[in-house]
Amino acid sequence: MAAAMPLSPEDLLLPKSAAGKAEELEEEVEDDDDELDETLAERLWGLTEMFPESVRSAAGATFGVSLSVAQKMYRFSRAALWIGTTSFMILVLPVVFETEKLQMEQQQQMQQRQILLGPNTGLSGGMPGALPSLPGKI
């Protein structure tokens, strides 16, 4: 009796003609993998050949102008932001700090007045040392 070759799972499931086709497909897939060694940039550059030269030059010019405008807008916005921020810090913040300081001083004076003259003087708004207003009389 001749020694039988061990059969692969593919040989068992597929007929002989289909098994041969499966091997051919595997070889084709391996060949395709070898051809795909180009980079994305090379592939895109190759696609440009399908367009006429006028379209390619117009697209290149449009891209160049767009890039230039974007760079100028970025520089302008950076400069405008710097000018706006420094102007705000120099012109507005001192006024805000002085206003806050004045409000705190007024609040401290009202607290001192309430402590010295009693809790009703802060609410009536009367002058310190004046008699409190009588209820019911205007």
Side-chain angles (χ1 to χ4, degrees):
M1 191 177 231
M5 284 182 57
L7 296 175
S8 69
E10 291 176 355
D11 292 338
L12 293 174
L13 297 175
L14 298 173
K16 297 229 181 224
S17 62
K21 289 181 183 177
E23 289 175 4
E24 290 175 11
L25 288 175
E26 287 178 10
E27 288 176 7
E28 287 179 20
V29 169
E30 289 174 5
D31 292 340
D32 289 342
D33 289 342
D34 293 339
E35 294 173 9
L36 297 177
D37 288 338
E38 62 185 353
T39 64
L40 179 64
E42 291 171 343
R43 189 170 285 229
L44 290 175
W45 186 257
L47 288 174
T48 60
E49 295 174 358
M50 64 186 243
F51 295 106
E53 182 61 35
S54 61
V55 172
R56 285 186 275 175
S57 62
T62 303
F63 177 76
V65 168
S66 299
L67 183 63
S68 173
V69 167
Q71 287 175 342
K72 288 179 182 178
M73 290 294 292
Y74 172 71
R75 287 186 195 121
F76 172 77
S77 63
R78 218 174 52 181
L81 183 64
W82 174 256
I83 290 169
T85 303
T86 54
S87 297
F88 177 79
M89 291 174 75
I90 292 171
L91 299 173
V92 177
L93 280 181
V95 174
V96 170
F97 290 146
E98 287 299 318
T99 305
E100 185 71 24
K101 182 180 170 185
L102 181 64
Q103 286 177 351
M104 289 190 64
E105 286 175 359
Q106 289 176 351
Q107 189 177 14
Q108 285 177 350
Q109 287 176 356
M110 284 182 55
Q111 286 176 350
Q112 287 176 353
R113 211 178 300 151
Q114 283 181 352
I115 291 171
L116 291 175
L117 301 175
N120 291 335
T121 56
L123 297 176
S124 66
M127 304 254 325
L131 293 173
S133 61
L134 297 173
K137 297 209 177 185
I138 300 179

Item to check | Side-chain heavy atoms of Gln112 within contact of Ile115, under 4.5 Å | outcome: no

Checklist entry - Quick one: do Met104 and Val96 end up in the same hydrophobic cluster if we chain Ile, Leu, Val, Met, Phe, Trp and Tyr together by side-chain heavy atoms under 4.5 Å apart? => result no

Checklist entry - Can you hop from Phe97 to Leu102 via hydrophobic side chains spaced under 4.5 Å? => result no

Checklist outcome for this item: Between Glu49 and Arg56 the two heavy atoms that sit nearest each other are CA-NH1, 4.3 Å

Next on the checklist: Starting from Phe63, can I reach Leu44 by hopping between I/L/V/M/F/W/Y residues whose side chains sit under 4.5 Å apart?
Outcome noted: no

Checklist outcome for this item: One should read off an interatomic distance between Leu67 CG and Lys72 NZ, to the nearest 0.5 angstrom, of 11.0 Å

Checklist entry - Ignoring hydrogens and geometry, is there a side-chain-to-backbone donor-acceptor pair from Gln71 to Ser68 under 3.5 Å? => result no

Checklist entry - Does a side-chain heavy-atom distance below 4.5 Å link Met89 with Thr85? => result yes

Checklist entry - Does some side-chain heavy atom of Lys101 sit less than 4.5 Å from a side-chain heavy atom of Glu105? => result yes

Checklist entry - Is a side-chain donor or acceptor of Ser77 paired with a backbone partner of Tyr74 at a separation under 3.5 angstrom? => result yes

Item to check | Interatomic spacing from CD in Gln114 to CD in Gln109 - rounded to 0.5 Å | outcome: 12.5 Å

Next on the checklist: Please give me the minimum heavy-atom distance between Ser57 and Ser54, naming the atom from each residue.
Outcome noted: OG-O, 3.0 Å

